[in-house]
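What follows is a short report on a single structure.
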Amino acid sequence: MKRSEETTTLYLLDGYSIIYRSYFAFMGRHLSAPDGTNVSALFGFFRTLFSILDEYRPGALAVVLDSRVPTFRHEMYPEYKANREKAPEELHAQVPMIEEILGVMGMTVLRKDGVEADDIIATMAERCRKKDRPCVIVTGDKDLLQLLGGEIRMLRPEKGGYQLIGRDDVFDQWGVEADQIVDYLSLTGDQADNVPGVKGIGPKTASKLLTKFGDLDGVYANLNACSTGERAKLEASREDAFLSRSLIILKKDVSLPPEAPTPVGDLNREAAVPLLLRYGAKALAEQAKGAKISEKQLSRQREKRAEASSVPDELLGEGRYEQIDDLEGLDRWIEKAISAGACALDIETDSLDAMLANPVGFSLAVSPKQAAYLPLIAEGQRKFDDDAVRERLVRLTSSPSVRIIGHNFKYDYKVLRRWGVVTKNLAFDTMVAAWLLDTTANSYGMDPLAASLLGYKTISFKDVVPKDGLFQDISVETATRYAAEDADITFRFYELFRRQLKERGLEKLFFELEMPLVPILAEMECAGITLLSDRLEAYGRELEKDLGTIEDDIWQACGHSFNINSTKQLQQVLFEERKLTPIKKTKTGYSTDISVLEELAREDVVPLLVLRHRSLAKLKSTYVDALPKLVNPETGRIHTQLIQTGTATGRLSSKDPNLQNIPIRDEDGRRIRSAFVPAEGNLFISADYSQIELVVLAHLSEDPELSQAFRSGGDVHRRTASLIFDVSEADVSSEQRRIAKTINFGVMYGMSAFRLSRELGISRSRADSFISAYFRRYFRIQSFMRKVVQETEQSGVSKTLLGRERSIPAINSRNKTEKAGAERIAVNTPIQGTAADIVKLAMLAVSRRMASEELKSKMVLQIHDELLFEVPFDEADRMEGLLKEEMESAVKLSVPLRVSIERGGSWGDLH
DNA sequence: GGCCGCACGTAC
DNA sequence: GACGTACGTGCGGCCG
């Protein structure tokens with residue numbers, strides 16, 4: 001729904017203010033058009049205009065210009081704006097150029113002969129005020145400050161950006177109220193308009209006098225209450241002061257046509273491009289074409305969001321922290337936690353790796369600002385009996401009457417579990433909540449979140465622990481300040497996020513899906529997976545030998561040695577020495593990626609050798625050499641971290657190592673999977689959702705043909721081929737199936753015909769016709785995609801089946817490429833994200849069944865649409881049945897969800 | 001020597 | 001410009 005013009009913010013851009021500012025700001029840069037004309041004002045003006053359009057996204061904007069003929073102010077005071085008139089001709093010459101460009105863009109320009117821009121602005125602002133319509137005046141001129149109040153604000157250009165100020169900021173900055181600005185400038189004068197003021201009275205004195213006497217009349221009525229010096233100055237310039245006032249005071253009743261400025265959405269920015277290029281402003285022309293979503297803009301949007309859900313006072317300010325130094329103290333805090341019903345818990349350790357870390361202390365918070373730290377070890381000394389503390393922590397983390405709150409508690413869970421404490425009552429992870437509320441943030445660490453959401457600067461770990469030092473070596477006081485603060489902030493996040501989750505309708509997703517998943521992921525990470533390092537190391541030696549041979553061959557062919565892993569050196573060899581034709585560019589040079597090398601391999605041997613070298617080097621460095629280093633010395637297994645807050649769509653990610661991208665497709669890579677084996681007496685069972693994303697697409701789009709393809713079972717790619725090529729399924733060739741498969745996947749990613757043609761090695765027009773045949777047969781898919789894009793345009797978010805949201809601000813970008821990219825994201829997110837929702841539901845269901853049936857089998861990995869289990873031989877049959885049942889019924893869709901199950905003696909045996 | 005962006009490549 | 005989501009590696013430029 002389009003917002004009514006009357007309610008969108010009206011931006012009034014004070015043209016000459018910006019033009020003058022720009023001229024002088026860019027004067028030193030000698031900006032000139034190809035014919036030598038100075039364009040510094042033009043350049044600066046449009047840079048300002050576009051950056052306001054892009055950063056602030058006004059609903060409507062008008063440029064206001066001054067009269068071309070003298071106004072009543074000039075009659076009153078011939079020197080009025082004399083300083084401006086004296087500006088060089090080359091500045092004035094740019095005004096018509098600017099106006100011409102504004103004209104072709106369709107920008108509303110307000111100008112009236114005999115009337116100052118300021119008076120037009122005052123009149124327009126007054127109209128807004130009467131209608132309660134928000135209005136932002138863009139100017140560097142101080143006299144317009146008199147208009148501020150309520151919905152009328154000002155955007156002042158300043159070095160490096162803009163400052164948006166309202167009525168209250170006027171006082172903070174100038175020491176007088178907005179409605180005293182006229183009197184204030186009458187005293188100080190206004191350099192911009194050459195208004196004299198009272199000689200010798202500056203900002204300080206002016207604000208002092210006005211605070212005392214209210215206004216100019218008040219000041220002159222109380223001259224005898226002023227100091228002798230002030231009185232003398234005021235008396236000497238009495239006339240100037242009152243003249244100044246009548247010059248500064250703005251008319252709010254200029255007669256102007258009633259029509260509203262053109263909405264910004266209707267502006268034709270592209271039309272400015274040829275003119276800007278004519279003036280040699282290439283970068284500006286780029287900016288005119290459309291907005292890049294800048295970091296600045298993103299952070300502005302985030303600020304806005306933070307502003308909107310204002311932080312309650314009780315979550316602001318300093319906390320009061322206690323140090324717990326005996327068991328009685330601990331007991332008191334545990335009682336506090338129980339009677340509060342909630343407790344933020346944070347463990348301090350000696351390592352960032354939870355699988356190696358030992359607890360050195362922990363902190364508790366039972367309400368905002370009320371927290372304590374218990375040092376197990378401090379200043380290098382053990383302060384408590386571990387067993388006594390452990391016993392009490394078990395009580396705290398098992399009590400059904402306490403809700404445990406943590407920030408990234410999966411880490412704490414693992415440390416505690418390894419220490420003999422299993423958390424049963426985890427209720428709220430504030431890191432997971434922060435992610436669910438904004439899946440696109442850069443970081444969910446406590447320090448940045450505290451800064452951005454609470455405006456709170458935390459003590460950083462670096463500040464308290466010396467480099468390469470350990471937490472247990474610092475003083476108890478410092479440890480308490482640092483650690484208790486973490487628990488305190490966590491509790492504050494809890495208060496903040498639980499409200500926000502509720503407001504946003506994300507409670508169910510959070511409490512019933514993401515939170516129960518935390519201990520499951522923690523258990524999977526603790527379980528780990530066995531790697532046969534020997535097998536891998538032997539493979540590594542083979543690879544080394546092969547790589548050496550290929551390297552020699554490449555060097556021989558090139559006549560010299562070089563680093564094959566350096567794309568820069570490789571570019572030189574391929575494109576300069578061997579004169580091969582570059583196929584595509586990267587930001588920094590010519591690409592040497594697989595597709596390029598494959599193409600080049602048709603005319604030269606070196607690219608082929610490089611391809612082989614690349615693939616083996618990748619295997620060796622990323623997997624063969626890296627994996628054995630990550631075997632945990634205590635468990636002898638590999639414990640990946642499954643990151644819950646790592647993706648914008650809701651998927652998990654995996655790191656240290658990433659076990660979600662272990663090779664499977666070619667034979668070389670599969671040898672790496674073969675090094676992953678189940679524990680003695682166990683086998684692996686994998687359960688894999690068939691075509692889950694296409695099934696989700698069928699469900700979400702309600703496309704009858706695609707749904708039918710799944711209901712009838714069989715091969716969906718074959719079925720698709722039969723539909724688009726109009727042959728019976730039995731007659732589908734493998735080539736046709738390959739094409740159908742590529743389109744099936746491509747559609748979900750928003751693949752273009754261009755890409756499809758390249759991928760399949762067919763012409764653009766054939767690719768086009770395949771795609772249209774596809775959408776003809778699966779006709780609801782296209783309307784589904786249109787609907788998703790449209791809804792995302794309205795709401796700014798794309799959603800999954802369970803209501804998970806991803807914000808996509810670029811969906812309303814005017815930059816075509818960016819807009820298209822945002823549309824692909826908007827369409828892909830419900831598909832990928834819903835599949836992620838389903839797999840997570842399945843993990844919960846399976847895990848509950850395994851617990852209730854008291855099985856010893858362990859879930860060890862999730863690879864997006866697949867779950868991997870380590871299963872004792874005698875549980876294999878039961879597990880297979882259980883998995884099929886629970887996974888296929890994890891969610892009820894309009895199409896059947898199928899799971900295929902395999903078992904094997906190594907990971908390499910599966911699929 | 002540490003940090004970071006880039007190009008590339010692996011998975012789903 | 002042209003296919004979505006991740007993570008890890010080596011290179012090479014930058015900084016101190």
Side-chain angles (χ1 to χ4, degrees), chain A residues 289-290 439-440 467 562-571 584-597 610-611 613-627 629-630 640-666 668-670 672-673 688-694 697 742-759 764 767 798 806 808 815-833 835-836 839 861-866 911:
Chain A
K289 283 182 196 161
T439 60
T440 57
K467 194 165 152 23
F562 67 100
N563 185 346
I564 302 162
N565 292 326
S566 161
T567 45
K568 211 180 157 201
Q569 295 178 35
L570 189 60
Q571 278 170 45
K584 63 178 176 183
K585 282 186 181 174
T586 67
K587 270 183 214 170
T588 52
Y590 294 124
S591 172
T592 64
D593 72 14
I594 296 179
S595 66
V596 171
L597 293 177
V610 172
L611 276 170
H613 188 273
R614 277 259 178 91
S615 91
L616 297 185
K618 171 80 175 177
L619 283 183
K620 184 165 187 297
S621 66
T622 307
Y623 305 104
V624 177
D625 291 349
L627 290 172
K629 292 184 190 144
L630 289 159
T640 184
Q641 294 180 59
L642 295 164
I643 309 297
Q644 203 170 355
T645 56
T647 70
T649 53
R651 275 188 179 180
L652 299 176
S653 68
S654 159
K655 68 167 188 178
D656 300 322
N658 181 354
L659 292 185
Q660 290 178 325
N661 74 345
I662 303 297
I664 185 165
R665 287 166 196 176
D666 22 72
D668 298 318
R670 286 190 89 113
I672 292 162
R673 286 201 176 212
D688 191 322
Y689 277 113
S690 312
Q691 306 298 347
I692 188 168
E693 293 197 345
L694 281 174
L697 178 60
T742 306
I743 303 183
N744 269 333
F745 283 111
V747 158
M748 292 188 294
Y749 302 147
M751 188 194 262
S752 63
F754 172 85
R755 174 74 184 252
L756 183 70
S757 66
R758 233 185 26 185
E759 195 89 348
R764 255 297 297 271
S798 181
R806 172 183 188 172
I808 306 174
N815 177 312
K816 271 189 196 161
T817 313
E818 203 155 285
K819 165 82 172 143
E823 288 182 0
R824 290 194 294 271
I825 293 171
V827 169
N828 177 261
T829 295
I831 303 171
Q832 187 181 123
V839 178
L861 279 183
Q862 187 249 45
I863 308 108
H864 309 309
D865 61 354
E866 169 190 358
H911 296 294

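To find a chain, count down the sequence lines: A is the first, B the second, and so on, and within it residues start at 1.
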> Reading nucleotides 4-12 of chain B from the 5' end, what letters show protein touch, with B for base, S for backbone sugar-phosphate only, - for no heavy atom under 4.0 Å?
Replying inline: --SSSBBSB
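Residues that satisfy the side-chain hydrogen bond (donor to acceptor under 3.5 Å, both in side chains) test with A:Thr829, not counting sequence neighbours, are A:Arg806. Shown here are the side chain to side chain contact (heavy atoms under 4.5 Å, CB included) partners of A:Pro657, two or more places apart in sequence or in another chain: A:Leu627, A:Leu630, A:Ile638, A:Thr640, A:Leu659. In this structure, A:Asn565 has no side-chain hydrogen bond (donor to acceptor under 3.5 Å, both in side chains) partners at least two apart in sequence or on a different chain. Among residues two or more places apart in sequence or in another chain, the side-chain hydrogen bond (donor to acceptor under 3.5 Å, both in side chains) test is passed with A:Arg824 by none. Scanning for side chain to side chain contact (heavy atoms under 4.5 Å, CB included) contacts around A:Arg670 gives A:Ile664, A:Glu667, A:His911, with sequence neighbours left out. In this view, A:Thr817 and A:Asn815 satisfy the side chain to side chain contact (heavy atoms under 4.5 Å, CB included) rule, not counting sequence neighbours. The salt bridge (charged side-chain N to carboxylate O under 4.0 Å, His left out) check on A:Glu866 picks up nothing, with sequence neighbours excluded. A:Tyr749 is linked by a ring-ring contact (aromatic ring centres under 6.0 Å, His included) to nothing, counting only residues two or more places apart in sequence or in another chain.
Judged by distance alone, with hydrogens and angles left aside, the side-chain atoms of A:Gln862 form a donor-acceptor pair with the main-chain N or O of A:His864 at under 3.5 Å. Looking only at distances, a side-chain donor or acceptor of A:Gln571 sits under 3.5 Å from a matching main-chain atom of A:Tyr590.
For residues 642-662 of chain A, every residue pair satisfying the salt bridge (charged side-chain N to carboxylate O under 4.0 Å, His left out) rule, not counting sequence neighbours, is listed here: A:Arg651-A:Glu693.
A:Glu823 places its CD atom 15 Å from the P atom of C:dA2, with the value rounded to the nearest Å. Residue A:Met748 contributes atom CE, which lies 12 Å from atom C1' of C:dT5 at whole-angstrom precision. Rounded to whole Å, the distance from CD on A:Glu818 to C1' on C:dA2 is 15 Å. Nucleotide C:dT5 holds its P atom 16 Å from the CZ atom of A:Phe745, rounded to whole Å. The interatomic distance linking A:Ile808 (CD1) with C:dG4 (C1') rounds to 11 Å, in whole Å. Distance CG (A:Leu570) to C1' (C:dG10): 13 Å, rounded to an integer number of Å. A straight line from CD of A:Gln644 to C1' of C:dA6 spans 16 Å, rounded to a whole angstrom.
Phosphate contact (OP1/OP2 of C:dC3, side-chain N/O of A:Arg755, threshold under 4.0 Å): present. Contact check, A:Arg764 against C:dA2: no side-chain N or O comes under 4.0 Å of OP1 or OP2. Listed pair A:Ser752 / C:dC3 meets the phosphate criterion, a side-chain N or O lying under 4.0 Å from OP1 or OP2.
Looking at the side chain of A:Thr817, the nearest of the listed nucleotides C:dT9, C:dG1, C:dA6 is C:dG1.
Each of A:Gln569 and A:Thr439 has a nearest nucleotide on DNA chain C; the 5'-most of these lies closest to A:Thr439. When each of A:Lys816 and A:Ile825 is assigned the nucleotide of DNA chain C with its nearest heavy atom, A:Lys816 is the one assigned upstream, toward the 5' end.
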>> Once pairs are restricted to Watson-Crick or G-U wobble with both distances under 3.5 Å, how does DNA chain C read as a dot-bracket string, [ ] for crossings and | for other-strand pairs?
In response: ...||||||||||||.
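Nucleic acid contact class of A:Met751 (heavy atoms, under 4.0 Å, all strands): base. In this structure, A:Gly750 reaches the sugar-phosphate backbone alone: every heavy-atom distance under 4.0 Å involves primed, P, OP1 or OP2 atoms, never a base. Residue A:Ala753 is out of contact with every strand shown, counting any heavy-atom pair closer than 4.0 Å. Heavy atoms of A:Ala836 sit nowhere under 4.0 angstrom from any nucleic acid atom.
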Using atom names, set out every protein N or O paired with an N or O of nucleotides 13-16 of chain C below 3.5 Å, distance rounded to 0.1 Å.
unit_1	atom_1	unit_2	atom_2	d
C:dG13	OP1	A:Lys568	NZ	2.8

>> Between A:Gln832 and A:Thr649, does the side-chain hydrogen bond (donor to acceptor under 3.5 Å, both in side chains) criterion hold? Intermediate values first, please.
In response: CA-CA 7 Å; A:Gln832 187 181 123; A:Thr649 53; 2.8 Å; yes
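For the P atoms, the distance from C:dC3 to B:dG5 is 26 Å, rounded to whole Å.
Summarising the geometry, atom CD1 belonging to A:Ile808 is positioned 6.0 Å from atom CD1 belonging to A:Ile825; distances are rounded to the nearest 0.5 Å.
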